[in-house]
Amino acid sequence: MSEIICQTINLSKYYKNFHALQDINISVKRGGIYGLIGENGAGKSTLIRILAGLSFKSGGKIRLFGSDTNLERERARTGCTIEMPALYKDMTAAQNLEILRVQRGIPDRNSIAKALSLAGLDYKDRKKAADYSLGMKQRLALAGALLGEPELLILDEPVNGLDPTGIIELRELLKKLVKERQATILISSHILSELDQLATHYGFLHKGRLLKQISAAQLREECKRHIKLKTDNVEKAVIILEEKLKIRKFSVYPDNSVRIFEKLEEVQAVSKILSGNGIIIEEISVQGENLETYFERLVGGIKNV
């Protein structure tokens, strides 16, 4: 059984002279929550529409559940919400889902009540979708994606219109689906603080290109608060850190920088002792980022190239 549930290989999408996506390579692992991050126009919705079969790719490959043939069969194992929910406004939530159930060939009629309950809606509610708030429409769209207990959920901005309570409930629901049903989730959101509490992996999109793909564990390590030290003599600096400052928690990186994970409040003392022992300090500062600033730095680095 493939551990990669959803994969793209050099996936591209062109509109005449405009490249919406260029050589995108993402890998979504079984049982993970993959957070897709990018500003408006980065290509998130375009990518999601192609994965869902709502738009054609211009080049590259898509693999779902390890297969790049008969993708329509594999898409039957997925559930999607794409941008603004498309609903029959003169129908109730249950009636909307009944149409979806028939369209998808899902035999279990009880799946409607199950999906509505998971999304926080009442099967017996007779209110028409036209009278729903944006948050309730998002819940109904999510219920539609949950029909048939899909193995892969693809969610495009599912928290739009939800109040803080609704956002917390959605977060807990997604965690529950992964834990109890071994579901796999690909989710895009502008609320990066929410993704920070959910995602096991991230993909950063900018102007149709994938800037970086990284696990949450790797991201936490990169964003961990530390003293960053750059010097002309790393070997000697490390000896002084160990012998003079009794520092044990540090790492040396390929760019000859040192990250020190203790004495963060004693930067001046660290600098003084290093300098006093003949070390020329090129840079010393406390660093560490959250998801928002990490993305801004990634994008800023591209802009400044």
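Only this structure's heavy atoms are used, side chains among them; waters, hydrogens and symmetry mates stay out. On a predicted model such as this, the values are computed, not experimentally measured, just so you know.
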**Study point:** Pair Ile26-Gln213, side chain to side chain contact (heavy atoms under 4.5 Å, CB included): steps then yes or no
**Key:** CA-CA 7 Å; Ile26 67 167; Gln213 186 170 239; 3.5 Å; yes
Exercise for review: Walk me through it: do Asn160 and His190 pass the test side chain to side chain donor-acceptor pair (under 3.5 Å)?
Suggested key: CA-CA 9 Å; Asn160 276 359; His190 281 103; 5.2 Å; no
Exercise for review: Give the intermediate values and the outcome of side chain to side chain donor-acceptor pair (under 3.5 Å) for residues Asp196 and Ser193.
Suggested key: CA-CA 5 Å; Asp196 199 18; Ser193 59; over 6 Å; no
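- At least one side-chain heavy atom of Glu222 sits less than 4.5 Å from a side-chain heavy atom of Lys212.
- In terms of hydrophobic clustering, with Ile, Leu, Val, Met, Phe, Trp and Tyr side chains grouped at heavy-atom distances under 4.5 Å, Ile99 and Leu140 are assigned to different clusters.
- A heavy-atom distance below 4.5 Å is not found between the side chains of Lys29 and Thr200.
- The minimum heavy-atom distance between Lys137 and Ala129, with the atom names listed, is CE-O, 3.7 Å.
- Residues Leu153 and Val178 share a single hydrophobic cluster, defined by chaining ILVMFWY side chains whose heavy atoms lie under 4.5 Å apart.
- At a threshold of 4.5 Å between non-hydrogen side-chain atoms, the residues Arg259 and Tyr253 count as touching.
- Residues Leu291 and Leu192 share a closest heavy-atom pair of CD2-O, 3.3 Å.
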Donor-acceptor contacts, no H, no angles, side chain residues 224-240, under 3.5 Å, sequence neighbours left out:
from	atom 1	to	atom 2	distance (Å)
His226	ND1	Lys224	O	2.5
Thr231	OG1	Asn233	N	3.4
Thr231	OG1	Ile280	O	2.9
Asp232	OD1	Ile280	N	3.4
Asn233	OD1	Lys236	N	3.0
Lys236	NZ	Asn277	O	3.1

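- Side chain of Thr184 to backbone of Leu152: no donor-acceptor contact under 3.5 angstrom is found.
- Side chain of Arg209 to main chain of Gln22: no donor-acceptor pair is present (N/O by atom type, distance under 3.5 Å, no hydrogens or angles).
- By the 6.0 Å contact criterion, CG on Asn17 is open, its count of non-hydrogen atoms from other residues, nucleotides or ligands being 12 or less.
- Connection of Ile284 to Leu264 is established within a shared hydrophobic cluster, with ILVMFWY side chains joined at heavy-atom distances below 4.5 Å, either directly or through further cluster members.
- When all heavy atoms of Gly105 and Pro107 are compared, the closest pair comes out as O-CD, 3.3 Å.
- The existence of a salt bridge linking Glu151 and Arg77 is confirmed by a sub-4.0 Å separation between a basic side-chain nitrogen and an acidic carboxylate oxygen.
- For the atom pair Glu194 CD and Ile191 CD1, the distance stands at 6.5 Å (nearest 0.5 Å).
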Review point. Does the ring pair (Phe, Tyr, Trp, His ring centres under 6.0 Å) test come out yes or no for Phe295 and Tyr202, once each step is laid out?
Key: CA-CA 11 Å; Phe295 176 61; Tyr202 298 93; over 10 Å; no
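- Annotation: cation-pi pair Lys13/Tyr15 present, NZ/CZ under 6.0 Å from the ring centroid and within 45° of its normal.
- The structure places CD1 of Ile62 at 7.5 Å from SG of Cys6, a figure rounded to the nearest 0.5 Å.
- A donor-acceptor pair is defined here as one N or O able to donate and one able to accept, closer than 3.5 Å; such a pair exists between the side chain of Thr78 and the backbone of Arg75.
- A distance-only check finds a donor-acceptor pair linking the side chain of Ser275 to the backbone of Ser271 [under 3.5 Å].
- Distance alone, capped at 3.5 Å, is enough to place a donor-acceptor pair between the Ser188 side chain and the Glu157 backbone.
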Check your understanding: Passes side chain to side chain contact (heavy atoms under 4.5 Å, CB included), Arg63 versus Ile4? Steps please.
Key -> CA-CA 9 Å; Arg63 286 193 183 131; Ile4 304 298; over 6 Å; no
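- Here CG of Asp90 is found 7.0 Å from NZ of Lys128. Values are rounded to the nearest 0.5 Å.
- Residue pairs meeting the side chain to side chain donor-acceptor pair (under 3.5 Å) criterion with at least one partner in residues 237-248, sequence neighbours excluded, do not occur; the list is empty.
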Exercise for review: Using the side chain to side chain contact (heavy atoms under 4.5 Å, CB included) rule, take Leu100 and Leu97 through it: C-alpha gap first, then chi angles, then the decisive distance, then the call.
Suggested key: CA-CA 5 Å; Leu100 285 177; Leu97 291 201; 3.9 Å; yes
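- With Glu262 contributing its side chain and Ile247 its backbone, the two residues share no donor-acceptor pair below 3.5 Å.
- The minimum heavy-atom distance linking Val28 with Ile185 is given by the pair CG1-O, 4.4 Å.
- Here the straight-line distance linking atom CD of Glu169 with atom CZ of Arg139 works out to 5.0 Å at 0.5 Å rounding.
- Among Cys80, Ser45, Ser189, the one residue that satisfies the side-chain contact (heavy atoms from CB on, under 4.5 Å) test with Asp156 is Ser45.
- For the atom pair CD1 (Ile37) and NE2 (His206), the distance works out to 14.0 Å, reported to the nearest 0.5 Å.
- The 12-atom threshold is exceeded at OH of Tyr14, counting heavy atoms of other residues, nucleotides or ligands nearer than 6.0 Å.
- A donor-acceptor pair is defined here as one N or O able to donate and one able to accept, closer than 3.5 Å; no such pair exists between the side chain of Glu149 and the backbone of Leu146.
- In the hydrophobic clustering of this structure, Ile9 does not group with Leu21; members are Ile, Leu, Val, Met, Phe, Trp, Tyr whose side-chain heavy atoms approach within less than 4.5 Å, directly or through other members.
- With rounding to the nearest 0.5 Å, the separation of CD1 in Ile154 from CZ in Arg49 is 12.5 Å.
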Just distance, no hydrogens or angles: give the donor-acceptor pairs under 3.5 Å from side chains in residues 109-127, sequence neighbours left out.
from	atom 1	to	atom 2	distance (Å)
Ser111	OG	Asp108	O	2.6
Asp122	OD1	Lys124	N	3.0
Asp125	OD1	Lys127	N	3.0

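- Residues Thr8 and Ile24 come closest through the heavy atom pair OG1-O, 2.8 Å.
- The hydrophobic cluster containing Leu173 does not contain Ile168, counting ILVMFWY residues as joined when their side-chain heavy atoms lie under 4.5 angstrom apart, directly or transitively.
- Annotation for Cys223 and Tyr294: closest pair SG-CD1, 3.6 Å, computed over non-hydrogen atoms.
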Point to revise | Chi angles and distances behind the side chain to side chain contact (heavy atoms under 4.5 Å, CB included) call for Phe204, Leu210 | key: CA-CA 6 Å; Phe204 296 92; Leu210 185 68; 5.6 Å; no
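- Annotation for Glu265: atom CD does not count as buried by contact number, only 12 or fewer foreign heavy atoms lying within 6.0 Å.
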